[in-house]
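A quick write-up on the structure given underneath.
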Amino acid sequence: MSTADVDQFEARAQQAARSAHSSVRGIDMTGLAAPSRGASLRTPSRALLLAAACVVLLLVAGTLLTRNVFSHDEGVPAFQPQPLPGSQPFTPKLQPSVGYRIPAQHLASPDDPGLTVVKFDSIPAGGLVAMRVRSYANGDQPNLVSAVAADNRLKVLSQGSDHGRRRAGDQAGRHAGARHHGERLVLPRLRQPRASSSTRPGGPRSTCSTTRVPGTCSPEAPSVTRRSAKLQPIVDGAAATWHW
Amino acid sequence: MTDTGPVVVQIGETFETFYAREYRALVALTYVLSGSRSVAEDLAQDAMASTYRQWSRVSAMDSPTGYLRRTAANLAASAVRRRMAEAKALLRLSSQRTLLPEMDAPDEQFWAAVRRLPARQGQAIALRYVYDCSLAEVADAMQISEGAVKAHLFRGRQSISEALGLATDPTTAGEVAS
C-alpha cells in the first residue's frame, strides 16, 4: 500500500490496526487443547456406526430365521385369500350374543400364527373365513372354538395353536388324505362319536354331519351354552374369504 | 505497520511453530471482528483447533495462513458462534485470565464501524489492515477474486468514512488495494 497518498481513512485504519495488535501483545499463548493427530475425532463415530450396523444386521437375520423356523403353520392348508367385499355383520345364535364384523379388505395369510378357520354358511359369497383368534377379546381359543361349534352355521376346520391344531387334526386331519385332493376341508361323517377324537378338550362333544355340504359340527352337550356365556364379543378379526 | 506481513509457511513446518507465529495476530483479527475481548481468544482458539484437526491437509496448502484467517474471520462473522464463544468466555472469566487491554476510543470506534458493515466487507477491511495484506492475500484468505475484494474494500471504506466523517482521497479510494 502506498503511504504517499494516505488519506484520513487510511491513517485511521492503520492506527486502529496498530492498536488492535497492541491490545493482544500480552496475551497468553497457552490454551490450545486439541486431541493428538493420531486420534481422529471421527473414529468413535465410525465405530459406533459400524456397531449399530452389526446390531441391525443381527436383528434382521434373527427375525428372518425365527420367522422361517418357528412360524410355519402347517395346520392351515394353503388357500388363496381374498378380501371380503364389505363388512359382513354376523349375528350368531349363541346366547349371549357373540357378534363381530369382518373387516373388509383385510387379508389373512395362511402362515399367520393363531389362525382359526371357520365356516360361515350364512355368508353366501364367502364360504370359509380365516379368522385370527388373537383378535378375540379374551384370546380364549377353546372358548371361541366351542362357541363357533355351538352355532350350527359355523364350523371349525383348523386353528393355529398347537392345541387347536391337534383338535383340528381330530376333524380335518382324519381325512388328511382328502386334503390333497381338493376336498380337504370337507368333514367326513362321524358315525359314532369317539371321546378321543371328537370330544374337544374343555368343549362339547360334537359330531360332524355331511347332511349339509360342507358339513357342520353340531354341539351335543349343553355345556356349550355355559361356556359361551363367558364369551366376550369379538369386535374385529383379520379375515379373508376362503372359497370353497 | 506491524510485524505480521505476508507469511510463507515452510514445508514441513510443525503446527507448534505455526501456532506460535500466527496466534497473536489471529486474536487481533477476531478481536476487531467480534468486538469482544473475552470472545476473541476463544474464536482464535477455535480456528486454531479447526486448523490443527486438518493440519496434514492444511500444511500442504499454498497458504495455510489463508485457511486459518478465513476460518477465524468466518467464525467471528457468525453471530451464533460468537454467542457460543461468549458463553464459553463467561464461564472462563470466573477464573484468572486477564482481559485484553482496551483500545483507545477512536480505534474502538473505527472497528465498531467495521463490524456494522456487511460481513464480507468487514472481513476484507479487517484482513487488509490487521494483517496488512495485499489484495491477493485477502482474496486468497476469503476465497474470492481480487476484483471482489476491491469492491468490498471500496464499499466498506465509503461506508466507514461516511459514518465517521472521514475525508477520503478519491484516488486512494479507487486504488485502495494497489
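Keep in mind that the numbers below use all heavy atoms, side chains included, and drop hydrogens, waters and symmetry copies.
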Testing the basics here: between B:A28 and A:A20, what is the closest heavy-atom pair and its distance to 0.1 Å? CB-O, 4.0 Å
Where the side chain of A:H21 meets the backbone of B:V130, is there a donor-acceptor pair that is under 3.5 Å apart? yes
Is a side-chain N or O of A:R12 found less than 3.5 angstrom from the main chain of B:P106, in a donor-acceptor match? yes
When rounded to the nearest 0.5 angstrom, what is the spacing between CG in B:D107 and CD in A:Q14? 12.0 Å
I would like to know whether B:F110 and A:Q15 meet side chain to side chain contact (heavy atoms under 4.5 Å, CB included); could you show each step before the answer? CA-CA 10 Å; B:F110 177 84; A:Q15 170 58 34; over 6 Å; no
Got a sec: does the CZ of B:R70 have more than 12 other heavy atoms crowding it under 6.0 Å? yes
Using 0.5 Å steps for rounding, measure from the CD atom of B:Q158 to the CZ atom of A:F9. 10.5 Å
Interatomic spacing from CH2 in B:W111 to OG in A:S23 - rounded to 0.5 Å: 10.5 Å
